[in-house]
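Remarks on the structure that follows.
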2 protein chains.
Amino acid sequence: MNDNLAQYIKRYVDISKEEISLFQSYLVSKTFKKKEQLLQSGEICRSRYFITSGCLRLYYIDQKGNDQIIHFGIENWWLTNYDSLLNKIPSHLIIEAVEQTQVLELKEEFVQDIYSKIPQIESVFRVVMERTYIASQRRIEYMFSLSSEEMLKEFVEQNPEFVQRIPQYMLASYLGITPEYLSLLRKKA
Amino acid sequence: MNDNLAQYIKRYVDISKEEISLFQSYLVSKTFKKKEQLLQSGEICRSRYFITSGCLRLYYIDQKGNDQIIHFGIENWWLTNYDSLLNKIPSHLIIEAVEQTQVLELKEEFVQDIYSKIPQIESVFRVVMERTYIASQRRIEYMFSLSSEEMLKEFVEQNPEFVQRIPQYMLASYLGITPEYLSLLRKKA
DNA sequence: TTTTACTTTTGACCATAATAAAAAACAAAA
DNA sequence: TTTTGTTTTTTATTATGGTCAAAAGTAAAA
């Protein structure tokens with residue numbers, strides 16, 4: 001079925017072909033066009049998405065009506081709104097395709113069942129969670145210790161190819177600055 | 001042994017008395033005096049700490065020599081530097097007692113062994129990780145959508161008793177502002 | 001109780017980044 | 001190819017929060 005995901009799982013746990021197939025039987029492949037929403041504001045999030053190609057963004061719309069991007073997801077990343085998913089509360093975050101994107105959808109209703117049938121999958125999700133959390137902590141550190149100019153420099157250096165894929169106003173939103181100020185910073189550099 | 005922790009675990013999984021005892025046999029109770037460090041800068045973090053009483057802070061020292069607090073830990077919280085712990089890299093974060101603090105130390109070297117002997121403990125740590133990540137995401141949202149004044153108001157409202165326990169300059173550090181500006185904000189309100 | 005250390009406040013001045021309103025550049029359709 | 005919509009740049013003005021230096025207040029120790 002999907003090789004990316006099988007590779008991904010084998011990186012973290014010992015698992016048989018049969019178990020991988022069983023896990024994959026719970027997943028549904030879906031394709032979203034640019035600007036289509038996988039999760040809408042106000043809706044309770046009921047799935048996790050493994051991105052096989054394309055790019056998603058997780059964002060909300062602030063009081064002034066501007067998008068604030070929390071983060072992006074690209075190939076071989078799991079993306080969801082964990083707060084809404086696990087606490088079963090309506091999401092104020094939106095998940096949207098930045099470009100045409102293919103995902104494997106895992107419905108949350110199956111997850112406990114999967115954990116009991118294939119305990120290694122619970123281990124995989126524990127590790128995914130650990131890594132996701134570490135990324136989030138690093139982001140908080142950057143937000144504190146770097147100026148916008150330094151954050152931009154850092155982000156472009158770390159993600160040179162990705163920067164090409166997204167419009168500049170999305171990069172500005174991710175960095176927490178206005179597109180106008182981003183434009184000014186680029187001119188400066 | 002420690003009742004807080006047993007209660008904590010039972011909130012998340014079905015577990016027998018014997019399994020809890022076995023888990024607790026891996027833990028060592030330690031007490032730290034105010035300003036004592038559980039993890040020093042440059043050291044690889046090798047333990048997770050469950051706080052039974054007192055308060056810890058996780059922070060780093062920035063280029064200008066100022067403390068930047070990433071977060072606090074209080075009673076019934078697990079605290080560690082996951083990046084250093086899991087990736088086995090030297091920590092630039094420091095874990096320090098804000099007041100006299102008692103913890104249960106869990107050495108990372110035992111963790112895989114514990115997971116295989118008591119799989120429920122892996123589930124507990126998965127859930128801890130999920131909740132910790134959600135808290136981190138919420139913090140990032142606050143940092144983006146609230147002004148310092150609003151963050152202060154929010155934090156004091158959500159943690160009225162805790163605010164009394166820590167010096168103001170630590171609150172300033174946590175909010176990412178200078179103590180001078182915090183003082184000004186308090187006068188304004 | 002007096003010294004010493006730590007913490008908070010005050011005020012003057014400066015830097016970073018936001019807002020607003022246009023203009024320009026670019027891309028996509030018709 | 002012309003229109004329309006989207007994205008980026010420009011400029012002027014304003015607001016938020018930082019820096020520095022000093023004073024005042026508080027707590028702890030000798």
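Lettering of chains follows the sequences in order, A, B, ..., and the numbering in each one begins at 1.
With sequence neighbours excluded, the residues that form a salt bridge (charged side-chain N to carboxylate O under 4.0 Å, His left out) with B/Asp113 are B/Lys117. For B/Tyr59, the ring pair (Phe, Tyr, Trp, His ring centres under 6.0 Å) test picks out no residue, with sequence neighbours left out. For A/Arg138, the salt bridge (charged side-chain N to carboxylate O under 4.0 Å, His left out) partners two or more places apart in sequence, or in a different chain, are B/Asp83. Every residue two or more places apart in sequence or in another chain was checked for a ring pair (Phe, Tyr, Trp, His ring centres under 6.0 Å) with A/Phe144, and none qualifies. With sequence neighbours excluded, no residue forms a salt bridge (charged side-chain N to carboxylate O under 4.0 Å, His left out) with A/Glu43. Qualifying ring pair (Phe, Tyr, Trp, His ring centres under 6.0 Å) partners for B/Tyr174, counting only residues two or more places apart in sequence or in other chains: B/Phe72, B/Phe155. Applying the salt bridge (charged side-chain N to carboxylate O under 4.0 Å, His left out) test to B/Lys34 and every residue at least two apart in sequence or in another chain returns nothing. Every residue two or more places apart in sequence or in another chain that forms a side-chain hydrogen bond (donor to acceptor under 3.5 Å, both in side chains) with B/Glu141 is listed here: A/His92.
Rounded to an integer number of Å, the gap from A/Lys64 NZ to C/dA17 P is 15 Å. As rounded to whole Å, 7 Å separates atom P of C/dT19 from atom CG of A/Asn66.
Residue A/Arg131 qualifies as open at atom CZ: its count of foreign heavy atoms under 6.0 Å is 12 or below.
Checked for salt-bridge contact, B/Glu130 and B/Arg126 meet the test: a charged N lies under 4.0 Å from a carboxylate O. In this structure, A/Glu161 does not pair ionically with A/Arg165, as no charged nitrogen and carboxylate oxygen lie closer than 4.0 Å.
When heavy atoms are screened at a 4.0 angstrom cut-off, A/Lys35 is found touching no nucleic acid atom at all.
Each end of the helix from C/dT1-D/dA30 to C/dA30-D/dT1 yields a helix axis from five base pairs, and these two axes differ in direction by 40° (to the nearest 10 degrees).
Contacts between residues 162-170 of chain A and DNA chain D, defined by a heavy-atom separation below 4.0 Å, involve A/Pro167, A/Gln168, A/Tyr169, listed by number. Across residues 177-188 of chain A, A/Ile177, A/Thr178, A/Glu180, A/Tyr181 each have a non-hydrogen atom less than 4.0 Å from an atom of DNA chain C (numbered order).
Nearest-nucleotide assignment on DNA chain D puts the 5′-proximal partner with B/Gly176, out of B/Gly176 and B/Lys34.
Here chain A contacts DNA chain D (any atom closer than 4.0 Å to a heavy atom, that is under 4.0 Å), and the contacts span D/dT7 to D/dT10 from 5' to 3'.
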